[in-house]
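Report on one structure; see the data block that follows.
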Amino acid sequence: MSKIATATEGNASSPSSIPLNAAQIAQFERDGYLVFRNMLEPQVCEQMLAVARRQLQEAQQPLEYEAELGYTGAPKSLDDEGGRTVRRLRGAYDRDAIFHDWARDPRVLVKLRQLFGEPVCLTLAHHNCVMTKHPRYGTATGWHRDIRYWSFAQSDLICVWLALGDEIESNGSLKFIPGSHKLQIAPDRLDELLFLRPEHPDNQALFAQGKAVELHQGDVVFFHSLLFHAAGVNTSEEVKTSVAFAYHGCSNQPLPGTRSAASDDIRVTD
Ligand SMILES: O=C(O)CCC(=O)C(=O)O
């Protein structure tokens, strides 16, 4: 369990969105992540889970399958046993109003506006998904920085990750290396997919600093796109389900000709 201080958002029916205090802003800058307990009401989380389960059942596209990623332990092809195990329900923003509304939730946006210090944009190029970690065929994710998914002028995006249920060690909770968003990492410490090489001697001390961050239904974690993080496998019987969106300051534009530039980018605050 993370030892970092956390905030409880409390009653979402209140129209006011609680801004970050100075200590939280300093904590995000130092550690690269910030946890908020109970930001979203249980009944909304349950509604999201019901939508996600139905869409999984119906295999509603666009989907990303474990077999397509090819991480260790993943089915080798879509036609192998477990080959249709879903990793991401992609395009969450357009899947259902409940995800769309969450991406624009004032409780999230007021905080992002403070952290970026400028108007906030939502990128639909990656994340923008319901993440599922299935028992058995759901794979562990090695230590990486999410910036590998995007191409922006500055590597300064923030992922907002919402837990729809328990995320604990036994079902593959997230682990973070606090402060690692500020580290310069020599290219030879990374593999071709930009994961920290498990066998590289210089990476061992870094792995030892990893902290598991347990989340429960309605908890939210913000983390910087340069923060190294990882997650384990799901040894429970239940699918672990989370919602992930990514944001950037609107002056930080996607690089022309990239996938980031080809996707919609939506200004979500003044
Ligand atoms: O395995 C997980 O749940 C972590 C997912 C993740 O960090 C990613 O796909 O970038």
Side-chain angles (χ1 to χ4, degrees), residues 2 31-35 48-49 52 56 62-75 82 85-92 123-152 155 157-178 180-181 185 190-196 198 203 206-207 210-217 219-236 238-248 259-260 263:
S2 165
D31 294 340
Y33 67 103
L34 203 49
V35 177
M48 287 185 179
L49 276 173
L56 269 177
L63 298 171
E64 180 183 85
Y65 295 100
E66 291 280 356
E68 293 168 330
L69 289 180
Y71 292 166
T72 304
T85 302
V86 169
R87 171 95 170 180
R88 288 189 171 87
L89 291 150
R90 294 168 54 218
T123 174
L124 300 187
H126 200 276
H127 285 21
N128 179 22
C129 68
V130 179
M131 298 270 329
T132 57
K133 175 80 52 109
H134 289 250
R136 195 144 178 225
Y137 297 109
T139 58
T141 308
W143 291 103
H144 68 286
R145 293 172 151 160
D146 278 353
I147 198 62
R148 66 197 277 271
Y149 301 123
W150 300 286
S151 308
F152 277 76
S155 299
L157 288 83
I158 296 176
C159 172
V160 174
W161 178 287
L162 163 68
L164 294 183
D166 287 343
E167 303 200 4
I168 55 180
E169 199 173 354
S170 59
N171 70 357
S173 59
L174 289 167
K175 292 174 280 184
F176 296 114
I177 299 176
S180 58
H181 59 307
I185 297 290
L190 300 165
D191 69 15
E192 54 289 345
L193 294 177
L194 303 180
F195 287 93
L196 284 170
N203 290 338
L206 209 48
F207 297 150
K211 280 192 177 178
V213 174
E214 295 199 342
L215 302 173
H216 302 282
Q217 187 174 65
D219 291 351
V220 173
V221 56
F222 286 16
F223 59 95
H224 194 277
S225 56
L226 287 177
L227 188 74
F228 279 106
H229 60 287
V233 292
N234 182 353
T235 60
S236 79
E238 306 258 315
V239 178
K240 176 167 77 68
T241 309
S242 331
V243 181
F245 285 105
Y247 303 83
H248 60 97
R259 180 178 67 173
S260 297
S263 300

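When a ligand or atom number is given, it counts from 1 through the structure's own listing order. We're numbering straight along the sequence, starting at 1. Everything numeric here is computed off the predicted structure, so don't read it as measured data. Below, each value reflects all heavy atoms present in this structure, side chains not excepted, and no hydrogens, waters or symmetry copies.
For H127 and W150, the ring centers sit closer than 6.0 Å to each other.
Of all the listed residues (M131, R88, E167), R88 holds the heavy atom that lies closest to atom 9 (O) of ligand 1. The closest non-hydrogen atom to atom 4 (C) of ligand 1, taken over T132, T141, T139, N171, comes from T141. In this structure, of R145, K133, R148, the residue bringing a heavy atom nearest to atom 3 (O) of ligand 1 is K133.
With hydrogens and angles left out, the side-chain atoms of R87 and T141 include a donor and acceptor closer than 3.5 Å. For the 3.5 Å distance criterion, the side chains of H126 and D146 fail to qualify, holding no donor opposite an acceptor.
For ligand 1, the atoms closer than 4.0 angstrom to any heavy atom of H229 are 7 (O). Interface of Y149 with ligand 1, defined as ligand atoms under 4.0 Å from a residue heavy atom, comprises 8 (C), 9 (O), 10 (O). Interface atoms of ligand 1 facing R87, defined by a heavy-atom separation under 4.0 Å, are 1 (O), 5 (C), 9 (O).
The side-chain heavy atoms of H144 and H229, taken from C-beta on, include a pair separated by under 4.5 Å.
Under a cutoff of 6.0 Å and an axis angle of 45°, R88 and Y149 form a cation-pi pair.
Under 4.0 angstrom from ligand 1, there are no non-hydrogen atoms of H127.
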